[in-house]
Amino acid sequence: MKLEQKHYLELIEARINNPKSFQLALKKRSRRSVAGKDGRLLLLAADHTARGIIAAGNNPTAIADRFILLDKLVRGLALPGVDGVMASADILEELAWLGALEGKVAIGTMNRGGIIGASWELDDRLTAYDAEHIRSMGLDGGKTLLRIDETDPGTARTIEMVAAVTTQLADFELVSMIEPLPYIKNENGRAVLDPSEEKLIKVVSIASGLGSSSAFTWLKIPAPTNPEKVAAATSCPILLLGGDPGSNWEDVFAKWDNALKVPNIRGLVPGRALLFGDELDVEAAVARAAQMVRKIS
């Protein structure tokens, strides 16, 4: 299944002549439980553009073309073993309008205010969904990014916001998917990911305790070298992110495969790593990920 140019042009026309059809498509889609039959999940991540991330691999604007992005998502979502998508409102509405979200899990991204490269990057405020609209638009949960740098004052505001959102989503009995990441400043003062596994364990512990209830909290983290040690910091279900594709994709898949053996590591939520890889097309990359998540042949 692929997106035809004719159908995409019809979508553009609908934005002008029938804008309400996008909201209705999302609200009225057929739904399923998040855990499904086996409690394992493969979601495709497509919230990068809302934070200004449009590069993949060596191409600085790889995911900026909306037709190409939607085509890759439609093709990926049609494959067996793919449970759904995590995305911003524009992409979720477009996928629903195209009919690609029937019977799928839909997680709405929430805080995209930490624009990549901005001086306020870690003061990451709600600029996409809020908890009430996660509920009213018929979504299955909301995702927040929680980058923790102990030297950046913006971090405190972000922690407080993620805690409040987690409480609100739990009150609605909807998933709060938190992506806790340790950050540091490099020599140029730019916020970058801290590779320390000890720091990852620390932020996983912090994220697990946010809000007035953790009953509906899921975590989204990079695949660690020692997954048992990191996952032991929480009983919350964990999904592994993908990151930027590149020549080391075999190493990425090997790390996923190893980590998925840990009981509370329940699946994957990669985006660019599967959709924009240099050496594997969407169908091959997504099918391989689905095989690892569910150990199917």
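We number each residue from 1, following the sequence as shown.
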Are [X] and [Y] close enough that some pair of their side-chain heavy atoms sits under 4.5 Å apart?
| X | Y | answer |
| --- | --- | --- |
| Ile178 | Thr217 | yes |
| Met86 | Met177 | yes |
| Ile221 | Val230 | yes |
| Leu219 | Pro237 | no |
| Leu77 | Met1 | no |
| Arg125 | Asn111 | no |
| Asp47 | Ile91 | no |
| Leu42 | Pro270 | yes |

Hphob cluster co-occupancy, [X] + [Y], side-chain heavy atoms under 4.5 angstrom:
| X | Y | answer |
| --- | --- | --- |
| Ile134 | Leu145 | no |
| Leu26 | Val105 | no |
| Val34 | Phe216 | no |
| Leu122 | Ile184 | no |
| Tyr129 | Val85 | yes |

Closest heavy-atom pair and its distance - [X], [Y]:
| X | Y | value |
| --- | --- | --- |
| Cys236 | Ser208 | SG-OG, 4.3 Å |
| Ala290 | Pro80 | CB-O, 3.7 Å |
| Ala128 | Thr109 | CB-O, 3.2 Å |
| Asp38 | Arg294 | OD2-NE, 2.7 Å |
| Thr166 | Ser176 | OG1-OG, 3.0 Å |
| Gly142 | Met110 | CA-SD, 3.8 Å |

Rounded at 0.5 Å granularity, tell me how far [atom1] in [X] sits from [atom2] in [Y].
| X | Y | atom1 | atom2 | value |
| --- | --- | --- | --- | --- |
| Arg15 | Phe22 | CZ | CZ | 4.5 Å |
| Glu283 | Arg288 | CD | CZ | 15.5 Å |
| Phe276 | Ile63 | CZ | CD1 | 6.0 Å |
| Met292 | Leu240 | CE | CG | 9.5 Å |
| Leu268 | Leu241 | CG | CG | 9.5 Å |
| Leu92 | Ile107 | CG | CD1 | 9.0 Å |

Can you check side-chain contact (heavy atoms from CB on, under 4.5 Å) on Leu139 and Leu174, steps first, answer last?
CA-CA 8 Å; Leu139 303 184; Leu174 295 170; over 6 Å; no
Check against side-chain contact (heavy atoms from CB on, under 4.5 Å), Leu181 and Asp194
CA-CA 8 Å; Leu181 297 173; Asp194 187 336; over 6 Å; no
Within the 3.5 Å criterion, strictly below it, is a donor on Asp149 or Thr151 matched to an acceptor on the partner's side chain?
yes
So, the side chain of [X] versus the backbone of [Y]: is there a donor-acceptor pair under 3.5 Å, distance only?
| X | Y | value |
| --- | --- | --- |
| Glu197 | Thr225 | yes |
| Ser214 | Leu210 | no |
| Glu102 | Arg29 | no |
| Lys72 | Leu275 | yes |
| Asn59 | Thr61 | yes |
| Arg272 | Ile54 | no |

Indicate yes or no: does [X] engage [Y] in a salt bridge with an N to O separation below 4.0 Å.
| X | Y | result |
| --- | --- | --- |
| Glu179 | Lys143 | yes |
| Lys2 | Asp281 | no |
| Glu10 | Lys6 | yes |
| Arg75 | Asp71 | yes |
| Glu121 | Arg51 | yes |
| Arg157 | Glu160 | no |

Among Leu11, Asp90, Ile12, whose side chain to side chain contact (heavy atoms under 4.5 Å, CB included) with Arg66 holds?
Asp90
Show your working on side-chain contact (heavy atoms from CB on, under 4.5 Å) between Leu41 and Val293 and close with a plain yes or no.
CA-CA 7 Å; Leu41 278 179; Val293 169; over 6 Å; no
Classify the ring geometry of Trp97 against His7: parallel below 30°, tilted from 30° to 60°, perpendicular beyond 60°.
tilted
Take atom [atom1] in [X]; do more than 12 heavy atoms of anything else shown fall under 6.0 Å from it?
| X | atom1 | answer |
| --- | --- | --- |
| Gln5 | CD | yes |
| Glu173 | CD | no |
| Lys229 | NZ | no |

Among Asp124, Asp123, Asp152, salt bridge (charged side-chain N to carboxylate O under 4.0 Å, His left out) partner for Arg147:
Asp124
With respect to Asp83, which candidate in Arg32, Lys104, Arg40, Arg266 satisfies the salt bridge (charged side-chain N to carboxylate O under 4.0 Å, His left out) definition?
Arg32
Any side-chain hydrogen bond (donor to acceptor under 3.5 Å, both in side chains) pairs touching residues 256-265, not counting sequence neighbours?
Asp257-Lys295
Passes salt bridge (charged side-chain N to carboxylate O under 4.0 Å, His left out), Glu150 versus Lys199? Steps please.
CA-CA 11 Å; Glu150 294 162 2; Lys199 290 292 184 65; 5.1 Å; no
For Phe67, all residues meeting ring-ring contact (aromatic ring centres under 6.0 Å, His included), sequence neighbours excluded
Tyr8
Check against side-chain contact (heavy atoms from CB on, under 4.5 Å), Ser136 and His133:
CA-CA 5 Å; Ser136 67; His133 284 89; 3.8 Å; yes
